[in-house]
A.B. asks: 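Here it is: the structure, laid out below.
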Amino acid sequence: TVYTVTATDINGCQNTASSDITVLAQPIVGVTAASSSICINDSTQLSASGALTYSWYYPVNISATSGSNIFAFPTTNTTYHVIGTDAFGCMDTAHIPLVVNPLPVMNMIPPSAAICYGDTAVLSASGAVNYSWSPTANISSSSGSPINVFPLATTQYTVLGTDANGCQDTAMGTVFVNPLPIVNINPAADTICRQDSISLVASGGISYQWSPSLSLSSSSGASVNAGPISTTVYTVTATDINGCQNTATSEITVLAQPIVAVTAAS
């Protein structure tokens, strides 16, 4: 715009002067986020454009207060603002809201379990949508829930859960592996005559179950009497204090009785 002023002096004489005011267009400042929805404890890059220099505010949880590219790591939903200034000193402001999603609350069920060597435990996870398990050895699947695990030694398992927003958290649990009892039968093998009996004594557990029960004085207990009529392999299943079981065998060989005959010379 050209402004003109007409001035009149004391004698009534007039003259004019003019001023040309040039109006510059404001810069059009924009701001974008690498991700406008993040998980708590994460960050995202904010990028401004349209001007020469930039000044950022909300000044909390940002990597810098100036520059075209900064990182923001809010802990709650926050709107960030940037003022852009062009080469002529003209300014514009842009705004961008960021959504902060909480982490999933992860649980492993059960948090601990005890199994016997060679057995399987079932582990389940909750709190997320997708699950990833580690370590991956001796498990039925490295993803999903529930899964079966059959560790050979006490193992701590970790499950990484991902929710619908892509946020992740972990839960841990331990599967304790108890060894099998060392079971013995005394004697482990022996020979008897038919119609005789022998005492079999088992050790290594707190309870015992014998088979075959035929020709045994009892099918349970640490000590039984066996009176087989033919060679027999007896098996005892011993259970220890942890509920773990193992077996031992004893082979009893039965000798036939001699056939005694007597004759008279006359």
Side-chain angles (χ1 to χ4, degrees), residues 32-47 61-63 69-78 98-184 202-209 211 235-249:
T32 59
S35 177
S36 60
S37 178
I38 65 172
C39 304
I40 194 168
N41 300 327
D42 287 348
S43 64
T44 188
Q45 185 177 34
L46 304 182
S47 300
N61 299 324
I62 56 178
S63 61
N69 295 292
I70 67 166
F71 286 91
F73 37 94
T75 57
T76 59
N77 293 349
T78 303
L98 297 182
V99 176
V100 179
N101 298 302
L103 301 183
V105 179
M106 288 293 300
N107 292 287
M108 186 184 294
I109 306 169
S112 65
I115 63 172
C116 301
Y117 182 87
D119 286 350
T120 299
V122 179
L123 299 180
S124 300
S126 65
V129 176
N130 298 309
Y131 305 95
S132 178
W133 298 83
S134 64
T136 57
N138 300 318
I139 63 177
S140 60
S141 175
S142 60
S143 62
S145 177
I147 65 167
N148 295 321
V149 300
F150 33 95
L152 304 180
T154 296
T155 303
Q156 184 178 71
Y157 291 93
T158 300
V159 60
L160 174 68
T162 305
D163 66 12
N165 297 312
C167 298
Q168 296 179 322
D169 202 7
T170 59
M172 293 185 294
T174 301
V175 176
F176 298 92
V177 178
N178 295 309
L180 301 184
I182 299 174
V183 183
N184 293 289
S203 62
I206 60 171
S207 64
Y208 303 89
Q209 194 70 33
S211 67
T235 300
V236 64
T237 300
T239 304
D240 66 11
I241 194 171
N242 297 310
C244 299
Q245 294 181 327
N246 207 355
T247 61
T249 60

A.B. asks: First locate atom CG of Asn77, then atom CG of Leu98, and finally report the distance between them rounded to the nearest 0.5 Å.
C.D. replies: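 Rounded to the nearest 0.5 Å, the CG-CG separation comes out at 8.5 Å.
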A.B. asks: Quick one: does Val236's side chain get under 4.5 Å of Thr247's, heavy atoms only?
C.D. replies: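 A side-chain contact under 4.5 Å is absent here.
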A.B. asks: Residues two or more places apart in sequence or in another chain: which of them pass side chain to side chain donor-acceptor pair (under 3.5 Å) with Thr239?
C.D. replies: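 Once residues adjacent in sequence are excluded, the partners of Thr239 under the side chain to side chain donor-acceptor pair (under 3.5 Å) criterion are Gln245.
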A.B. asks: What distance separates Asp42 CG from Thr75 OG1, expressed to the nearest 0.5 Å?
C.D. replies: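 If we round to the nearest 0.5 Å, Asp42:CG and Thr75:OG1 are 12.5 Å apart.
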A.B. asks: Is the side chain of Asn242 donor-acceptor paired with the backbone N or O of Cys244 at a distance under 3.5 Å, no angle test?
C.D. replies: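 Checked: no pair found.
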A.B. asks: For Val100 and Thr76, run side-chain contact (heavy atoms from CB on, under 4.5 Å): C-alpha distance rounded to whole Å, both residues' side-chain angles, the deciding distance at 0.1 Å, then the answer.
C.D. replies: CA-CA 5 Å; Val100 179; Thr76 59; 5.6 Å; no
A.B. asks: Donor-acceptor pairs are to be reported for all side-chain atoms of residues 151-160 against protein atoms at under 3.5 Å, with residues two or more places apart or in another chain.
C.D. replies:
| unit_1 | atom_1 | unit_2 | atom_2 | d |
| --- | --- | --- | --- | --- |
| Thr154 | OG1 | Val177 | N | 3.1 |
| Thr155 | OG1 | Ala153 | O | 2.8 |

A.B. asks: List the atom pairs, with distances to 0.1 Å, where a side-chain N or O of residues 134-146 and a protein N or O form a donor-acceptor pair under 3.5 Å, not counting sequence neighbours.
C.D. replies:
| unit_1 | atom_1 | unit_2 | atom_2 | d |
| --- | --- | --- | --- | --- |
| Ser140 | OG | Asn148 | N | 2.8 |
| Ser140 | OG | Asn148 | O | 3.4 |
| Ser141 | OG | Ser143 | N | 3.2 |
| Ser141 | OG | Ser143 | O | 2.9 |
| Ser145 | OG | Ala125 | N | 2.8 |
| Ser145 | OG | Ala125 | O | 3.3 |

A.B. asks: Would a 4.5 Å heavy-atom cut-off, applied to side chains only, mark Cys167 and Pro102 as touching?
C.D. replies: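 No, side chains not in contact.
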A.B. asks: Got a donor-acceptor contact below 3.5 angstrom from the Thr162 side chain to the Gln168 backbone?
C.D. replies: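 Looks like no, no N/O pair under 3.5 Å.
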A.B. asks: List in chain and number order the residues that pass side chain to side chain donor-acceptor pair (under 3.5 Å) with Asn69, two or more places apart in sequence or in another chain; answer none if no residue qualifies.
C.D. replies: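 By the side chain to side chain donor-acceptor pair (under 3.5 Å) rule, Asn69 matches Ser47.
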A.B. asks: How close do Ala72 and Leu46 get, heavy atom to heavy atom, and via which atoms?
C.D. replies: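 Minimum heavy-atom contact is CB-CD1, 3.9 Å.
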A.B. asks: Restricting to side chain to side chain donor-acceptor pair (under 3.5 Å), what partner residues turn up for Ser37, sequence neighbours left out?
C.D. replies: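 Testing Ser37 for side chain to side chain donor-acceptor pair (under 3.5 Å), a comparison that skips the adjacent residues, returns Asn101.
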A.B. asks: For residues Phe73 and Ser63, report the shortest heavy-atom separation together with the two atoms involved.
C.D. replies: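 Of all heavy-atom pairs spanning Phe73 and Ser63, the closest is CE2-N, 4.0 Å.
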A.B. asks: Which atom names give the shortest non-hydrogen contact between Ala248 and Val183, and what distance separates them?
C.D. replies: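 Looking at all heavy atoms of both residues, the closest pair is CB-O, 3.5 Å.
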A.B. asks: Does atom CD1 of Ile206 have more than 12 heavy-atom neighbours, drawn from other residues, nucleotides or ligands, at distances under 6.0 Å?
C.D. replies: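 For Ile206, atom CD1 is crowded (more than 12 foreign heavy atoms under 6.0 Å).
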A.B. asks: If I take atom CG from residue Asn165 and atom CD1 from residue Ile38, how far apart are they, to the nearest 0.5 angstrom?
C.D. replies: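 One gets 11.5 Å once the value is rounded to the nearest 0.5 Å.
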A.B. asks: Extract all donor-acceptor atom pairs below 3.5 Å that involve side chains of residues 112-123 and protein atoms in other chains or at least two apart in sequence.
C.D. replies:
none

A.B. asks: State, to 0.1 Å, how close Pro104 and Gly161 come at their nearest heavy-atom pair, and which atoms those are.
C.D. replies: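 Here Pro104 and Gly161 meet closest at CG-O, 3.9 Å.
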A.B. asks: Would Met108 and Trp133 count as a side-chain contact (heavy atoms from CB on, under 4.5 Å) here? Give the steps.
C.D. replies: CA-CA 11 Å; Met108 186 184 294; Trp133 298 83; 3.6 Å; yes
